[in-house]
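Please read all numbers here as calculations on a predicted model, not as lab measurements.
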Amino acid sequence: MGRIAGVLTVFLLCAATQAAHLLENKHVSFSFSEESGELLSIGNKATGRWIRFSPDGQGLWQLRLLAGTKDISTVNGSVRPVFTLRKTEGGQTATLKWNTSHRANRLAVEVDVILPDDSAIADLSAAVRVDGNPADWVESLVCPRLSGIRSLGDDMLYYGFQQGVFARDPIHSLKSTAAMFYPGTWSIPLAVYAGSEKLKANDLVKLAGPRETSGFFRGPADDETALFVAAPDAGYYHKDFFIVPGKDSFSMIAENMPSYKSWPRDPAECDKTFSYSTPYTYKLGTYDGGIGRGAELFREFVKDMPHTAQGKVRDAEGRANGISPRLLENVYWGKYYHGANKVVPEILDAANFLQVPCGLHWYRYNVNMIDDNNLDYLPTLS
């Protein structure tokens, strides 16, 4: 009881010293800047620890607007938002709204953060409306911008580039921006940053170089607190994700791309309004535990997505489950990257020579390590 009272006292004192909008439940507290809407902190009420941010003043979002086919300009979300908080069934929703102008356009940006009562992880989505004559198109909407993530102590970072990258002490080990895209090199749309104030394990083994682990990995400490960011998107909409190093912090930045009904853009045929809403949500929040716990949470979010809902490719009796049995009969899988005039004769020659069922893993665009080297990925499942 005394520990709980102490934790609550710390939360109240921290909240009282910052000009911030709060979204919280019994598990977590999100603090947004009154001036810009940027994220100031995420408080984990299970551990009594805060994930703190040092915002750069550029906003929780950023817009790239397109006039014509090449004239791209950038608008930062550095204006003061209107914040509303409403109770919903099973949780709360915080809405931040910004209104500004750029060139001859009026801009309205809205970010919703939906927090269930029983969770420390929220769903974040964004929408933008551009009014003009004609309206500029949204080339990309950067949101969320998690700027200036501060050290969590003895810390470690995981992000899902290809088969996954693990970095100890990321504030010092990250030397360049890690840029990923989904679907593609951000093959596991997840980033987890966890740390402990009690341990000093990172001091035991020197960093070998940028993003290298030196063969060292520790389990979670009693006070292990983690930042969780994920984009479980069953629609496979294109998005970019960046981890950007800083002097005493690093940032996580997500960039979302609308699709257009026609191209090239003809201003004479453009409407006076262009609207875009992210057709997926970002999972944003905290938990107590290490990177392994973050992977477990991510699995819960993705296991019922269309491409995994049927379960394993074999049922309990070893029969094909939801796929052609011929896929399981293949003896030889060939990996090819070239045009059809070269690939088709080669796989036919292989089948004729080997005299066994043959399959083809054929890529002509975006060949990724995860596709060719993950043994749990169909069709290389043995």
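A donor-acceptor contact shorter than 3.5 Å links the side chain of Asn105 to the backbone of Asp136. Side-chain atoms of Ser173 come within 3.5 Å of backbone N or O of Arg168 as a donor-acceptor pair. No donor-acceptor pair closer than 3.5 Å links the side chain of Lys70 to the backbone N or O of Ala67. Remark: the backbone N or O of Leu227 is not paired with any side-chain donor or acceptor of Thr286 at under 3.5 angstrom. One N or O on the side chain of Asn256 and one on the backbone of Leu141 form a donor-acceptor pair closer than 3.5 Å. No side-chain donor-acceptor contact under 3.5 Å links Asn25 to the backbone of Asp118. Side-chain N or O atoms of Thr177 include none that pairs as donor or acceptor with a backbone N or O of Ala179 at under 3.5 Å. For the pair Asp271 (side chain) and Thr273 (backbone), a donor-acceptor distance under 3.5 Å is absent.
Residues passing the side chain to side chain contact (heavy atoms under 4.5 Å, CB included) test with Ser147 are Asp56, Ser251, sequence neighbours excluded. The salt bridge (charged side-chain N to carboxylate O under 4.0 Å, His left out) test applied to Glu300 returns Lys303, not counting sequence neighbours. In this structure Arg80 satisfies the side-chain hydrogen bond (donor to acceptor under 3.5 Å, both in side chains) test together with Glu35, sequence neighbours excluded. The salt bridge (charged side-chain N to carboxylate O under 4.0 Å, His left out) test applied to Lys26 returns no partner, not counting sequence neighbours. Legend: residues meeting salt bridge (charged side-chain N to carboxylate O under 4.0 Å, His left out) with Arg129, ordered by chain and number and at least two apart, are Asp131.
Across all their heavy atoms, Ser73 and His102 have their closest contact at OG-NE2, 2.8 Å. Minimum interatomic distance between Gly289 and Ala194 (heavy atoms only, all atoms of both residues): O-CB, 4.0 Å. Across all their heavy atoms, Leu39 and Pro55 have their closest contact at O-CG, 3.9 Å. Shortest non-hydrogen contact noted between Leu297 and Phe228 is CB-CE1, 4.0 Å. Closest approach of Gly59 and Glu38 over heavy atoms only: N-OE2, 3.1 Å.
Counted within 6.0 Å of CD on Glu89, heavy atoms from surrounding residues, nucleotides or ligands total 12 or fewer; the atom is thus considered open. Residue Lys272 places its NZ atom among 12 or fewer non-hydrogen atoms of other residues, nucleotides or ligands, all under 6.0 Å distant. Remark: Arg103 CZ is packed, more than 12 non-hydrogen atoms of other residues, nucleotides or ligands lying under 6.0 Å away.
The structure places CD of Gln62 at 6.0 Å from CZ of Arg145, a figure rounded to the nearest 0.5 Å. Interatomic distance, Ile51 CD1 to Leu152 CG, rounded to the nearest 0.5 Å: 6.0 Å. Rounded to the nearest 0.5 Å, atoms CG (Asp248) and OG (Ser151) are 9.5 Å apart.
Using cut-offs of 30° and 60° for the angle between ring planes, the Tyr280 and Tyr282 rings count as perpendicular. Taking the six-membered ring where tryptophan is involved, the planes of Phe32 and Phe30 are essentially parallel, since the angle between them stays under 30° and well short of 60°. A tilted orientation is assigned to the rings of Trp137 and Tyr260, their planes being inclined by 30° to 60°.
Note on Phe242: it does not cluster hydrophobically with Met252, by side-chain heavy-atom contacts below 4.5 Å among ILVMFWY residues. Hydrophobic clustering (side-chain heavy atoms under 4.5 Å, transitive across Ile, Leu, Val, Met, Phe, Trp, Tyr) keeps Trp186 apart from Val142. Grouping the Ile, Leu, Val, Met, Phe, Trp and Tyr side chains by contacts below 4.5 angstrom, directly or via other members, places Tyr276 with Leu124.
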side-chain hydrogen bond (donor to acceptor under 3.5 Å, both in side chains), that's the test. Do Thr225 and Thr47 meet it? Break it down for me.
CA-CA 7 Å; Thr225 302; Thr47 63; 2.9 Å; yes
Legend entry - Val229 and Phe241: CA distance, side-chain angles, deciding distance, side-chain contact (heavy atoms from CB on, under 4.5 Å) verdict: CA-CA 11 Å; Val229 182; Phe241 191 74; 4.2 Å; yes
Legend entry - Steps toward side-chain contact (heavy atoms from CB on, under 4.5 Å) verdict (Phe53, Leu146): CA-CA 8 Å; Phe53 303 81; Leu146 306 179; 4.1 Å; yes
- Would you please test Glu224 and Arg293 for side-chain contact (heavy atoms from CB on, under 4.5 Å) and show each step? CA-CA 11 Å; Glu224 200 81 44; Arg293 174 60 180 151; over 6 Å; no
Q: Applying side-chain contact (heavy atoms from CB on, under 4.5 Å), run through Leu23 and Leu85 and close with a yes or a no.
A: CA-CA 8 Å; Leu23 168 66; Leu85 182 64; 3.6 Å; yes
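For the pair Leu354 and Val331, the minimum side-chain heavy-atom distance is 4.5 Å or more. Two residues are said to be in side-chain contact when any heavy atoms from C-beta on lie closer than 4.5 Å; Val109 and Pro81 fail this criterion.
Remark: of the listed residues Ser54, Ser249, Ser41, Ser54 is the sole one forming a side-chain hydrogen bond (donor to acceptor under 3.5 Å, both in side chains) with Arg150.
In summary, the aromatic rings of Tyr193 and Phe250 are positioned with their centroids under 6.0 Å apart.
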Side-chain donor-acceptor distances from residues 91-98 under 3.5 Å, at least two apart:
from: Gln92; atom 1: NE2; to: Glu24; atom 2: O; distance (Å): 2.6
from: Thr95; atom 1: OG1; to: Arg86; atom 2: NH1; distance (Å): 3.1
from: Thr95; atom 1: OG1; to: Asp112; atom 2: OD1; distance (Å): 2.7
from: Trp98; atom 1: NE1; to: Ser36; atom 2: O; distance (Å): 3.2
from: Trp98; atom 1: NE1; to: Val79; atom 2: O; distance (Å): 3.2

